[in-house]
Amino acid sequence: MNEKKLTKKELIEAIKGYENIINNRAMVKTLSKFMLGAYIVRLGRLNAELKRRK
């Protein structure tokens, strides 16, 4: 998923999805540290792209 090709609505939906994963304690416990870090980095990139578009 390339965040630059997403529409604003798709960006917001993707951000909500990643936030749901990170806020779910049971899901976080099953993830490796690498995957958790990857989700956090992706969430940061999506938020940065959304800020650039405002």
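On a predicted model such as this, the values are computed, not experimentally measured, just so you know.
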* To do: Please determine if E49 and R52 form a salt bridge, counting it only when a charged side-chain N lies under 4.0 Å from a carboxylate O.
  => yes
* **CD1-CG distance between I12 and L6, expressed to the nearest 0.5 angstrom** => 11.5 Å
* CD on E19 to CD1 on I21, rounded to 0.5 Å -> 11.0 Å
* To do: Side-chain contact test, heavy atoms from C-beta onward, threshold under 4.5 Å: evaluate it for L11 versus R53 and give yes or no.
  => yes
* Are V41 and L36 linked, directly or through other ILVMFWY residues, by side chains that come within less than 4.5 angstrom of each other? -> no
* To do: Calculate, to the nearest 0.5 Å, the distance between atoms CG and NZ belonging to L31 and K33 respectively.
  => 13.0 Å
* To do: Quick one: pull up CG in N47 and CD in E3 and give me the separation to the nearest 0.5 Å.
  => 11.0 Å
* Asked: About how many Å separate CD of E13 and CD1 of I15, when rounded to the nearest 0.5 Å?
  -> 10.5 Å
